[in-house]
There are 2 protein chains.
Amino acid sequence: MALDNPTLQIPITTADKVFDRMLHAIVDGKITAGTKISEPELAKEYEISRSTLREALNRLEKCHLIERKPNVGSRVVECSIEGLLEIYVVREALEGMACRQAAEKMSDDEIAEMQAMLVQHAKSPALQDGIAYYQEEGDLDFHYKVILGSHNQQLITILCGQLYHLVRMYRIQFGMNSSRATRAFDEHSRIVEAIADRDGELAEILMRRHIAASRKNIESKIAQQLEQ
Amino acid sequence: MALDNPTLQIPITTADKVFDRMLHAIVDGKITAGTKISEPELAKEYEISRSTLREALNRLEKCHLIERKPNVGSRVVECSIEGLLEIYVVREALEGMACRQAAEKMSDDEIAEMQAMLVQHAKSPALQDGIAYYQEEGDLDFHYKVILGSHNQQLITILCGQLYHLVRMYRIQFGMNSSRATRAFDEHSRIVEAIADRDGELAEILMRRHIAASRKNIESKIAQQLEQ
DNA sequence: CCTTTATAAATTGTCGACAATTTGTTATTG
DNA sequence: CAATAACAAATTGTCGACAATTTATAAAGG
């Protein structure tokens with residue numbers, strides 16, 4: 001499925017499963033941002049021991065979805081505008097570099113596959129209706145492919161394993177059904193061209209612009225919301 | 001002290017202390033890279049229960065110093081040349097961006113403080129002997145100041161909290177007493193100038209070059225070692 | 001003799017209970 | 001009445017034991 005995370009292997013232990021459930025609950029806002037987490041309470045809710053719950057909490061902490069203070073407890077991370085902009089800054093740097101690396105490291109087959117994916121996206125009704133492309137599968141799929149294409153394990157872990165969930169959390173909780181659909185698609189196409197040309201420098205610049213544009217779009221949306 | 005990590009608060013719980021001890025043991029190579037970690041054995045060695053040890057292991061995993069597989073166990077991460085180069089790629093992207101942000105976000109006081117630090121470094125005997133600057137306090141101190149200057153919590157956490165330890169591990173285990181001392185100092189000076197000029201674009205470029213130069217220096221050192 | 005299967009040992013995952021620390025409440029004092 | 005101090009409740013940290021899984025060893029079969 002489109003939204004699946006390639007770094008996220010199938011849950012094996014019960015702590016894994018609880019981590020998964022909590023992950024979705026937090027990302028989808030079912031556990032409100034900023035909430036204090038009560039270990040005894042949640043352990044009872046998920047019908048597990050506190051040790052197992054704490055194991056799950058440790059993984060949530062690794063994704064920066066909760067914050068822990070010794071002898072005090074855990075809180076679900078807050079969604080602030082500053083926090084969102086910080087993430088975009090990091091993404092601009094890291095995904096830009098990932099794109100440069102992808103241009104150097106991707107195999108011809110991988111590039112062909114990515115091009116085929118874009119063709120598929122072009123046919124999709126979501127894009128033609130001009131609504132869902134940016135928000136849903138298309139955007140995330142594309143960015144994934146690029147990140148994986150870097151063949152840099154550190155980049156992949158940080159972006160797909162850690163930041164990814166936070167990005168989704170912000171998208172959902174701030175309700176970002178962006179209208180940048182067709183525009184984003186065009187930008188993706190140009191990026192793929194640069195990668196296919198093995199032009200790492202251009203690929204990086206284009207990806208950075210793409211993410212910066214997305215950030216500015218969100219900034220103006222928020223400014224707009226504040227006016228009302 | 002110079003080598004202290006600003007994101008690393010004083011250890012409070014016993015798990016914290018064990019984490020600290022293991023951190024140093026791994027970074028300094030006293031626990032060999034690639035070693036399988038035996039929970040019962042280590043728990044006995046540190047005279048703690050397995051639960052507490054596992055808590056410490058979780059934190060080591062967050063720093064990418066150990067890798068865990070469910071139902072199998074943990075291993076200390078391996079130090080490969082590819083791994084080292086991957087880290088430099090990430091640093092180039094992130095510290096470059098941090099430098100750009102620092103030029104935009106640092107207060108005048110902070111910049112003055114950083115300039116004072118460089119003056120101090122210039123007087124240091126280590127630099128004048130032309131040996132230790134790059135390897136030790138100077139380089140790390142400078143990079144820290146820049147990262148913190150970005151005022152971006154995500155950047156700070158990723159760079160100072162996670163990558164930092166890995167970088168030190170590689171430096172120590174690959175024995176990098178670089179001869180780039182005076183050169184690195186000059187590069188630092190130019191970077192600070194750009195920050196003081198509030199020229200984020202230039203600051204980023206210079207920082208990226210600085211790290212890329214460091215990477216190339218290491219690459220040639222390794223190629224040299226392989227010849228012998 | 002090597003491969004496969006069954007068994008035993010060891011290791012990891014999970015549990016419930018106790019200890020240490022923090023938080024909330026009440027009583028005391030200036 | 002506000003501020004502080006002492007106490008009580010609740011929460012987090014740590015422990016040792018048991019269950020589930022993996023790894024090592026030995027037996028059986030081709």
Side-chain angles (χ1 to χ4, degrees), chain A residues 7-26 30-78 161, chain B residues 7-26 31-78 157 161:
Chain A
T7 64
L8 212 67
Q9 60 266 35
I10 1 114
I12 298 184
T13 93
T14 56
D16 277 324
K17 292 168 194 162
V18 172
F19 164 72
D20 263 27
R21 291 177 63 186
M22 291 191 68
L23 178 72
H24 284 101
I26 291 174
K30 284 169 185 167
I31 303 180
T32 315
T35 310
K36 169 81 161 58
I37 286 178
S38 161
E39 292 185 6
E41 192 180 312
L42 274 181
K44 214 188 321 183
E45 185 176 331
Y46 290 109
E47 295 174 314
I48 54 175
S49 83
R50 260 185 62 227
S51 318
T52 307
L53 178 75
R54 282 164 70 86
E55 184 70 35
L57 293 183
N58 268 316
R59 278 168 232 188
L60 290 172
E61 197 187 2
K62 267 198 293 198
C63 305
H64 300 244
L65 287 175
I66 69 172
E67 288 166 349
R68 283 178 103 177
K69 283 183 187 174
N71 285 319
V72 175
S74 317
R75 305 195 85 86
V76 178
V77 77
E78 297 265 14
Chain B
T7 63
L8 212 66
Q9 59 265 37
I10 2 115
I12 298 184
T13 92
T14 58
D16 278 323
K17 292 169 194 163
V18 172
F19 164 73
D20 263 27
R21 290 177 64 185
M22 292 192 68
L23 179 73
H24 284 101
I26 291 175
I31 302 179
T32 315
T35 310
K36 169 81 161 56
I37 286 177
S38 162
E39 292 184 6
E41 193 180 312
L42 275 182
K44 215 188 322 182
E45 185 176 331
Y46 289 109
E47 294 174 315
I48 54 174
S49 82
R50 262 185 61 229
S51 319
T52 307
L53 179 74
R54 283 164 69 86
E55 184 70 35
L57 292 183
N58 269 315
R59 277 168 232 190
L60 290 172
E61 196 187 2
K62 266 197 295 197
C63 305
H64 299 246
L65 287 176
I66 69 171
E67 288 166 349
R68 282 178 105 177
K69 285 182 186 173
N71 284 318
V72 175
S74 318
R75 305 194 84 86
V76 177
V77 76
E78 298 264 14
T157 304

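Residue numbering restarts at 1 for every chain, and letters A, B, ... go by the order of the sequence lines. This structure is a prediction, so every number in the text was calculated from the model and none was measured.
- Residue Leu57(A) is classed as having no contact, given no heavy-atom separation below 4.0 Å to the nucleic acid.
- Not a single side chain to side chain donor-acceptor pair (under 3.5 Å) links Arg21(A) to another residue, sequence neighbours left out.
- For Ser38(B), the side-chain contact (heavy atoms from CB on, under 4.5 Å) partners at least two apart in sequence or on another chain are Pro40(B), Glu41(B).
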Quiz item: What string of B, S and - do you get for nucleotides 13-23 of chain D, 5' to 3', if B is base contact, S is sugar-phosphate-only contact and - is no contact with any protein heavy atom under 4.0 Å?
Solution: BBBB----SSS
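- Not counting sequence neighbours, Arg75(A) has no partner by the salt bridge (charged side-chain N to carboxylate O under 4.0 Å, His left out) test.
- Residues passing the side chain to side chain donor-acceptor pair (under 3.5 Å) test with Thr14(B), sequence neighbours excluded: none.
- Taking side-chain N and O atoms only, Lys36(A) has a distance below 4.0 Å to OP1 or OP2 of dT12(D).
- For Ala15(A), the side-chain contact (heavy atoms from CB on, under 4.5 Å) partners at least two apart in sequence or on another chain are Thr13(A), Thr52(A), Glu55(A), Arg59(A).
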